[in-house]
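Quick note on labels: first sequence line is chain A, next is B, and so on, each numbered from 1.
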Amino acid sequence: QEDGSNRGTCGKLVCTNFKIAFLDDDSASDDNEPQFKNKIVGENDITLQCVDQIYGVYDEKKKLLTGQLRKYPEKLIIYCKDLRVFNFCLRYTKEEEVKRIVSGIVHHSQTPKLLKRLFLFSYASAAPNNTDGRNQTVMFDTLEDWRDELERTKGNVKYKAVTTNEGYRVSEKLPLYFVVPICVSEESILKYQGRGIPIWCWSCHNGAALLKMSAFPKEQDDSTSQMQKAFLDGIYKTISKPPYELLKMDDLSSSLPSLQDIQTAYTRFKQLFLIDNSTDFWATDVKWFSLLESTNWLEIIRRVLKKAIEVAECLERQHTNVLLIEESATDLCCVISSLVQVMMDSYSRTKSGFQSLIQKEWVIGGHGFLDRCNHLHKSDKEEAPVFLLLLNCVWQLVQQYPPAFEFTETYLTVLSDSLYVPIFSTFFFNSQHQKDTNTSGESLNTQSGPFRFLTVWDWSVQFDPKAQAFLNNPLYAEKPKPDKSQRKTARFKHQRQLSLPLTPTKSSTKRGFFREETDHLIKNILGKRIGKFINSSDEPSTSFREFYDSWHSKPVDYHGLLLPHIDGPEIKVWAQRYLRWIPEAQLHGGGTIATAAKILDLMEEVQSLQVKMDEEHSQAISGDVHSVPLLRNSARLSSLFPFALLQRQSIKPALPTSTWKDLEDEDDLVKRDDEFVDLSGGMS
Amino acid sequence: MNLSHFRNNSSGNAAFLTDKDVIYMCPFNGPVKGRVYITNYRLYLRSVENDPVVVLNVPLGVISRIEKMGGASSRGENSYGLDITCKDMRNLRFALKQEGHSRRDIFEVLTKYAFPQSHNLLFFAFANEEKFSENGWMVYNPMSEYRRQGLPNERWRVTFINEHYGLCDTYPSLLVVPYNATDDDLKKVAAFRSRNRIPVLSWIHPETQAVIMRCSQPLVGMSGKRNKDDERYLDIIREANGQISKLTIYDARPNVNAVANKATGGGYEGEDAYPNAELFFLDIHNIHVMRESLKKLKDIVYPNVEESHWLSSLESTHWLEHIKLVLTGAIQVADKVSSGRSSVVVHCSDGWDRTAQLTSLAMLMLDSYYRTIEGFEVLVQKEWISFGHKFASRIGHGDKNHADADRSPIFLQFIDCVWQMSKQFPTAFEFNEQFLITILDHLYSCRFGTFLYNSESLREKEKVTEKTLSLWSLINSEKSKYTNPFYTKELNRALYPVASMRHLELWVNYYIRWNPRIRQQQPNPVEQRYMELLALRDDYIRRLEELQITNNSKIPNSSASSASPSQMMSQVQTHF
């Protein structure tokens with residue numbers, strides 16, 4: 001549709017209902033096929049959902065472009081949600097065409113949309129159907145899945161999977177099937193559309209369970225609130241008796257930052273990585289740490305990790321059930337319950353286990369991805385990077401304990417990118433109900449039959465096998481498997497792994513604790529947001545410290561309980577995700593990829609030796625085994641690998657310019673990446 | 001630890017105080033009852049009640065200051081005792097019984113042996129009788145190091161003018177200078193350079209023949225004095241690699257400081273006097289600024305790590321900012337020599353602090369030899385020890401004047417820069433983090449002669465190489481402990497770190513290593529995994545060879561030991 005000009009590369013800028021693409025004119029020169037390539041979204045593709053902000057440059061001034069435009073800019077800057085920054089120079093393009101492309105892009109990516117207009121629906125009919133997305137990921141869309149999970153965690157003694165919500169009789173927000181304490185009746189579930197009902201997330205090896213509950217909205221009407229109080233009282237009575245453990249409640253909406261805080265912090269934080277040019281980079285470098293701190297994003301990560309440790313302490317050491325409470329129980333509840341499971345259940349640290357966890361807590365659990373990602377641009381108020389917050393927290397654990405995870409940070413990075421790829425249904429609905437009602441294809445579109453959606457867990461859709469290798473952690477210390485016969489049958493259901501034995505639990509002399517405080521707690525839940533929650537009193541906080549210190553003083557069992565370090569220097573910036581497109585931050589031949597590549601190379605060598613051994617044993621006559629090294633000349637890889645493949649040729653060191661203003665400016669231009677617009681070179 | 005080994009005199013340890021009951025006021029675990037033993041080398045404490053046992057093992061050399069706290073009449077539990085400030089980022093506090101002046105003996109013994117210089121005693125290094133399989137004093141031979149660089153050649157010569165330290169008493173005896181400058185010229189130049197530290201060659205680029213020269217500031221003074229010999233000498237340097245462009249001079253100081261130095265007779269190369277040279281200031285601050293910065297850093301990491309505003313606290317110490325400036329300076333020097341193909345002269349005021357940092361770091365970036373264990377030892381030995389970095393003054397070995405303004409963590413800062421580079425390029429260095437930490441530990445310990453005294457001439461006078469052991473003896477006798485398994489040898493590749501705050505990190509494993517809450521996993525799991533794989537590979541290769549031999553000599557027999565390879569299989573996780 002439109003010409004854009006790029007330094008040395010001129011090309012066409014195309015906008016479709018799926019993506020904005022820059023088509024390189026001389027693409028033939030690409031003899032150097034990248035080793036890690038996304039099959040769906042190319043290097044210069046931006047899916048419409050991935051567009052964060054669009055700026056126009058008029059006479060050297062940047063202006064945010066949103067709705068109708070009067071004047072058309074000379075230059076277009078697109079900031080992406082995966083933190084890429086594209087500069088397109090339109091100076092040498094016909095005005096008519098500038099008009100068309102700019103308004104097209106702004107319209108497609110920045111204005112409110114109907115759900116059915118998502119590319120997802122257009123793609124669904126064309127989607128290949130030979131994919132096997134389920135590859136060991138439990139989807140939690142059947143009763144069986146929930147029962148298996150109960151069995152796996154040995155929660156089935158005290159908890160049951162219910163079918164009460166079939167046909168969404170209880171609530172459209174709840175999944176079709178979910179798990180509640182055995183003693184909770186169908187009537188009580190139906191009474192308040194599932195509100196006030198403790199819903200099971202996970203059971204710890206000692207029987208203590210992690211539960212979540214959506215709170216009642218604040219009622220003005222006294223009699224209603226009396227009735228709700230009585231109802232809650234009844235529920236607590238039934239689940240406070242043996243065999244149930246003591247119950248601790250945690251109102252996450254008062255003990256954690258609000259969604260608004262999270263959104264504000266992330267908005268500031270990501271801005272630090274959307275860098276226009278080298279000057280920007282070095283200018284912000286001087287005050288980098290205080291800039292980082294002022295965003296509050298790392299502090300939020302720290303607080304969330306701390307909360308998860310507190311919950312783990314209650315479950316693991318105090319043997320108490322923990323009930324997480326939140327208005328809808330689909331935001332911070334998801335973050336905390338997922339993190340707790342990642343920390344306590346080594347199955348959640350495998351790839352399929354983690355994917356199943358995301359299905360259970362987030363996708364089926366009813367996290368409003370559509371609203372939180374603001375995919376439809378309906379309301380900015382609903383937007384909050386809750387899922388990204390989880391991934392950022394999990395990343396901290398991944399980098400602190402590399403052998404404990406079957407997946408790599410690259411896996412987390414591409415998972416975060418997949419939030420904006422509208423060919424997978426996984427992150428494009430608010431609830432199972434919304435997906436179900438929109439899948440049937442009954443609405444206006446006369447398309448026949450239900451839509452077939454792809455799931456993001458089928459990584460072969462985005463990556464070929466070679467690229468998928470980067471998602472698997474070569475350092476993963478796989479759990480020593482039980483003997484072979486058992487393995488075959490129990491392959492799917494991972495055995496629970498006992499965590500590190502810690503201080504033996506004090507016998508429950510405090511049985512009375514609950515009864516005395518029930519009224520008080522219920523008042524809190526109803527009256528909301530005051531009071532005595534897990535970390536608000538002194539006693540639990542010292543027991544937290546004790547728990548944390550005692551765990552850290554022992555050697556790590558990578559298959560047992562895993563607690564993150566949360567002291568200041570230990571919480572880091574997820575460099576791979578946030579710095580990957582910034583050429584100034586590139587280390588030629590350095591970064592963690594340098595060691596990772598060495599390990600991969602060595603593993604391959606060991607494997608080929610294994611093959612040779614086997615051949616020697618079987619006396620098979622075959623040619624030499626030539627395994628193609630995965631990473632050629634790994635020492636020359638850049639730290640940006642496997643993402644940006646910028647600056648392949650340049651080995652000039654990056655010098656701070658902020659302190660050395662007298663350095664020539666041209667120097668910096670030479671070092672710029674492809675995306676940078678060189679105004680003098682773009683004659684098309 | 002076995003105490004009999006400890007009391008035994010085989011390593012030159014002599015016990016001066018044993019079995020003293022004290023309470024160690026551990027900032028992390030609270031008061032710890034224990035027994036203290038003090039020798040002329042170390043203070044050793046073993047807890048009597050704790051499980052696991054708490055052990056302190058502190059070489060007296062790290063002690064910077066010993067203070068008495070509380071008096072015989074002070075009240076309150078554990079208020080009477082000693083407070084010890086260490087040079088390695090920790091403080092130790094001991095509480096003692098108030099009765100009978102019980103701290104007098106411990107105070108006296110500690111003071112005497114922690115500060116031998118102030119008590120007319122020898123350093124422990126002179127009493128150390130350890131034996132090592134390697135002799136570290138053989139590591140550095142200036143002549144062979146210059147030969148390795150291809151020197152002397154037709155443009156550069158070795159001069160013995162300083163053989164008896166007659167030209168410059170803080171320089172080594174052997175120097176490399178331009179072929180076209182006579183010894184007489186050198187003497188004249190020396191008169192115009194602070195402390196006679198004339199420009200001499202540190203390193204020559206094997207391809208461009210551009211060189212890194214080091215020196216001290218010119219004695220320009222307020223009146224703007226000039227010296228024809230110095231001007232001509234710099235021009236000879238410029239011409240030595242056949243370059244026509246200007247010679248680049250890097251003055252490590254901030255511009256204002258260089259100007260201020262004129263008042264005390266120093267200064268910098270002015271444009272008028274040196275038309276063929278270009279001067280850049282690198283804005284690196286002086287030793288006092290660095291000392292204060294480290295002090296601030298200690299405040300936020302010891303004993304407790306600043307919780308709430310970690311990042312802004314870290315920023316306010318400016319420690320990493322200084323690291324960034326030093327690295328940035330070194331990158332510029334290296335880049336100029338390498339891609340700019342131009343010779344450079346580096347100096348600061350006296351040319352033994354910032355200059356040593358810059359030249360050694362630039363050499364580390366340009367010459368992969370220095371990234372090996374032995375090469376790094378040579379680098380330290382050459383650029384720091386032989387060229388007169390004032391270790392004795394900067395560290396204050398055995399000296400009780402803890403507030404001496406000459407003390408400054410310049411060498412620590414250099415090692416930190418090296419650590420930052422090794423962190424950014426984890427496969428480029430043959431040595432590991434433990435190597436760097438060990439160097440720093442013995443920078444203070446006085447167990448080895450390596451870092452004692454301010455200059456080569458003094459070391460020669462004290463017969464250090466005859467009477468003491470070298471730190472490199474310890475390290476080279478146990479090389480595997482200090483080897484980075486990921487090291488990949490790459491010749492002639494320039495290695496430029498990114499001197500951006502996005503990549504610079506606080507070296508937690510050094511600065512916060514006393515805090516048990518922060519401690520990193522040891523051994524490093526990534527390293528461990530790699531070592532396992534290496535062992536597995538070697539095992540395969542060995543077995544494969546065996547197998548091939550048997551297969552060739554015997555009639556094929558497939559049933560023999562076919563179970564073993566699949567057993568091995570299960571140990572390798574294959575994700576492909």
Side-chain angles (χ1 to χ4, degrees), chain A residues 281-282 285-290 292-293 298 401-403 469 472 474-478 481 549 552-553 556 565 567-570 573 575 579 584-592 594-595 598-599 602-603 605-607 609-610 612-614 616-619 635 639 651-656 659, chain B residues 283 305-307 309-312 314-315 324-325 328 331-332 334-335 339 424-428 486 488 490 493-503 506 508 512 516-518 521 525-526 529-530 533-534 536-537 540-541 543-544 547-548 551 556 558 562 565 568-569 572-576:
Chain A
F281 180 86
W282 293 112
D285 206 53
V286 185
K287 290 276 158 207
W288 180 247
F289 290 128
S290 46
L292 263 186
E293 187 174 283
L298 294 181
Y401 304 102
N472 300 319
L475 296 172
Y476 179 52
E478 210 167 339
K481 293 208 169 93
D549 285 348
H552 282 295
S553 68
V556 183
H565 289 273
D567 290 284
E570 313 275 11
V573 172
L579 294 178
E584 286 77 11
Q586 170 169 240
L587 303 165
H588 292 276
T592 46
T595 42
K598 295 251 337 177
I599 288 176
L602 187 56
M603 279 181 69
E605 194 185 338
V606 169
Q607 270 158 18
L609 281 168
Q610 277 173 345
K612 261 194 184 159
M613 279 280 263
D614 288 349
E616 284 289 336
H617 275 283
S618 59
Q619 294 293 301
S639 61
I651 49 147
K652 283 280 286 178
L655 286 174
T659 36
Chain B
D283 291 335
V305 176
E306 181 73 37
E307 272 260 334
H309 295 285
W310 165 251
L311 289 171
S312 51
L314 181 61
E315 187 173 278
K324 173 179 159 169
L325 284 168
T328 307
I331 293 169
Q332 289 185 79
D335 186 45
S339 33
Q424 294 189 7
F425 300 99
T427 61
F486 292 107
T488 313
E490 269 199 285
R493 186 163 86 92
L495 199 68
Y496 296 119
V498 174
S500 155
M501 289 302 178
R502 272 95 164 167
H503 282 303
L506 184 72
V508 166
I512 323 189
R517 261 170 218 157
I518 306 280
Q521 301 154 55
V526 182
R529 173 87 182 121
Y530 190 69
L533 280 170
L534 279 177
L536 192 61
R537 180 195 63 179
Y540 267 121
I541 292 175
R543 288 155 49 119
L544 203 59
L547 212 64
Q548 277 163 342
N551 279 347
S558 55
S562 58
M568 296 293 283
M569 279 290 264
V572 190
Q573 288 110 47
T574 55
H575 291 291
F576 306 103

(request) Measure the shortest side-chain to side-chain distance between A/Glu605 and B/Tyr540 over non-hydrogen atoms and say whether it is less than 4.5 angstrom. (result) no

(request) Please state whether the side chain, the backbone, both or neither of B/Val305 comes within less than 4.5 Å of a heavy atom of chain A. (result) side chain

(message) Minimum heavy-atom separation for A/Leu609 and B/Arg537, please, with both atom names.
(response) CD1-CG, 3.6 Å

(message) Taking every non-hydrogen pair under 4.5 Å, which of B/Glu306, B/Gln424, B/Glu315, B/His503 racks up the most with chain A?
(response) B/Glu315

(message) Tell me whether B/Arg529 contacts the main-chain N or O of A/Pro474 through its side chain, where contact means a donor paired with an acceptor under 3.5 Å.
(response) yes

(message) Nearest 0.5 Å, please: how far is CD in A/Glu293 from CG in B/Leu314?
(response) 10.0 Å

(message) Side chains of A/Glu584 and B/Val498, heavy atoms from C-beta outward: is any pair under 4.5 Å?
(response) no

(request) Search all heavy atoms of A/Phe281 against all heavy atoms of B/Arg502 and return the closest pair with its distance. (result) O-NH1, 2.9 Å

(message) Taking A/Met613's backbone N and O only, do any of them form a donor-acceptor pair with B/Arg543's side chain (distance below 3.5 Å, no angle check)?
(response) no

(request) Below 4.5 Å from any heavy atom of chain B, which atoms of A/Ile599 appear? Answer side chain, backbone, both or neither. (result) both

(message) Is A/Thr595 in contact with chain B via its backbone, its side chain, both, or neither, using a 4.5 Å heavy-atom distance?
(response) both

(request) Taking the side chain as every heavy atom from C-beta outward, state whether A/Leu292 and B/Met501 have any pair of such atoms under 4.5 Å apart. (result) no

(request) Select one option (side chain, backbone, both, neither) describing which atoms of B/Leu544 are under 4.5 Å from chain A's heavy atoms. (result) both

(request) Search all heavy atoms of B/Pro525 against all heavy atoms of A/Pro402 and return the closest pair with its distance. (result) CG-CD, 4.3 Å

(request) State, without any angle test, whether B/Thr488 and A/Lys598 hold a side-chain donor-acceptor pair at a distance under 3.5 Å. (result) yes

(message) Looking at every non-hydrogen atom in both residues, tell me the closest pair between B/Thr427 and A/Gly589 and how far apart they are.
(response) OG1-O, 4.4 Å

(request) Select, from B/Leu506, B/Leu495, B/Leu534, the one with the greatest count of heavy-atom pairs under 4.5 Å involving chain A. (result) B/Leu534

